[in-house]
Amino acid sequence: MSPTTREPKPRSWYEKFRDAFRGVRTGTRGQSSFQVHLAVACVAIVAAALLRCTLWEWCILALCIGGVLTAEMINSAMEYLAKAIDENHNPHLRDALDTGSAAVLFASLAAAVVGAVVLLSRVVVLLNR
């Protein structure tokens, strides 16, 4: 680094959290896919509570829900970035965005399978009592 270049001032924890929550608002606003995933997550949480899931089952469900919502946020970030780079049709950006969408699809399918296994196993346990 040259003597005339100054290092940026480190951001405070408050600033970091403020920016992260702004990112949550930005990443979820107008994103119908995120809203669908959030609704499904709420249904899974209610079902887990009604079925009296164990601590470990709650942990697994939370990881799945967090993974899907995280993938959705990363995909939204990629969409914003792609729009900033080029508003015109660009096959490279299209491929990147399609790959991001595929990541959300894989995370969602895996979460659905795990959720079905956990919740249906709880139904079986409760029916056998």
*Asks:* In Å and rounded to the nearest 0.5 Å, what is the CG to CG distance from Leu81 to Asp86?
*Replies:* 11.5 Å
*Asks:* For Gly100 and Asn75, work out which heavy atoms get closest and say how close.
*Replies:* C-OD1, 3.2 Å
*Asks:* Could you go through the side chain to side chain contact (heavy atoms under 4.5 Å, CB included) check for Val123 and Leu119 one step at a time?
*Replies:* CA-CA 6 Å; Val123 169; Leu119 297 176; 5.8 Å; no
*Asks:* Given the rule in the side chain to side chain contact (heavy atoms under 4.5 Å, CB included) test, do Arg11 and Asp19 qualify, once you have shown the distances and angles that lead to the verdict?
*Replies:* CA-CA 10 Å; Arg11 295 181 322 139; Asp19 294 345; 2.2 Å; yes
*Asks:* First locate atom CD1 of Ile45, then atom CG of Leu50, and finally report the distance between them rounded to the nearest 0.5 Å.
*Replies:* 12.0 Å
*Asks:* Where do Gly67 and Ala107 come nearest, in terms of heavy atoms and distance?
*Replies:* O-CB, 4.4 Å
*Asks:* Do Arg122 and Thr54 have side-chain heavy atoms sitting under 4.5 Å apart?
*Replies:* yes
*Asks:* Using side chain to side chain contact (heavy atoms under 4.5 Å, CB included), reason through Leu120 and Val124 one step at a time and then give a plain yes or no.
*Replies:* CA-CA 6 Å; Leu120 290 176; Val124 169; 5.6 Å; no
*Asks:* Between atom CG of Leu105 and atom OG1 of Thr99, what is the distance when rounded to the nearest 0.5 Å?
*Replies:* 12.0 Å
*Asks:* Taking all non-hydrogen atoms of both residues, which atom of Ala48 and which atom of Leu61 are closest, and how far apart?
*Replies:* CB-CD1, 3.7 Å
*Asks:* So how far is it from Thr70 OG1 to Met73 CE, rounded to the nearest 0.5 Å?
*Replies:* 8.5 Å
*Asks:* Assess whether atom NE2 of His89 is packed by more than 12 heavy atoms of other residues, nucleotides or ligands within 6.0 Å.
*Replies:* yes
*Asks:* Could you state whether Val24 and Tyr14 fall into the same hydrophobic cluster, counting links through intermediate Ile, Leu, Val, Met, Phe, Trp or Tyr residues with side-chain heavy atoms under 4.5 angstrom apart?
*Replies:* no
*Asks:* Between atom CG of Leu97 and atom CG of Asn90, what is the distance when rounded to the nearest 0.5 Å?
*Replies:* 9.5 Å
*Asks:* Mind checking the CZ-OG spacing from Phe17 to Ser12? Nearest 0.5 Å is all I need.
*Replies:* 10.5 Å
*Asks:* Only distances under 3.5 Å count here; give the side-chain donor-acceptor pairs of residues 30-39 to other protein atoms, sequence neighbours excluded, each with its distance to 0.1 Å.
*Replies:*
unit_1	atom_1	unit_2	atom_2	d
His37	NE2	Glu72	OE1	3.2

*Asks:* Kindly check if the number of other-residue, nucleotide or ligand heavy atoms within 6.0 Å of OH (Tyr80) is above 12?
*Replies:* yes
*Asks:* Mark yes when over 12 heavy atoms from residues, nucleotides or ligands other than Lys16 sit less than 6.0 Å from its NZ; otherwise mark no.
*Replies:* yes
*Asks:* Check the hydrophobic clustering (I, L, V, M, F, W, Y; side-chain heavy atoms under 4.5 Å; chains of links allowed) and say if Trp56 and Leu51 are grouped together.
*Replies:* no
*Asks:* Check step by step if side chain to side chain contact (heavy atoms under 4.5 Å, CB included) holds for Ile65 and Val40.
*Replies:* CA-CA 9 Å; Ile65 290 168; Val40 171; over 6 Å; no
*Asks:* Please examine the side chains of Val118 and Val114, heavy atoms only from C-beta on, and report whether any two atoms are closer than 4.5 Å.
*Replies:* yes
*Asks:* Under a 3.5 Å threshold, yes or no: a donor from one side chain and an acceptor from the other, between Glu79 and Ser76?
*Replies:* no
*Asks:* Do Leu69 and Trp58 sit in the same hydrophobic cluster, where Ile, Leu, Val, Met, Phe, Trp and Tyr count as joined when their side-chain heavy atoms come under 4.5 Å apart?
*Replies:* yes
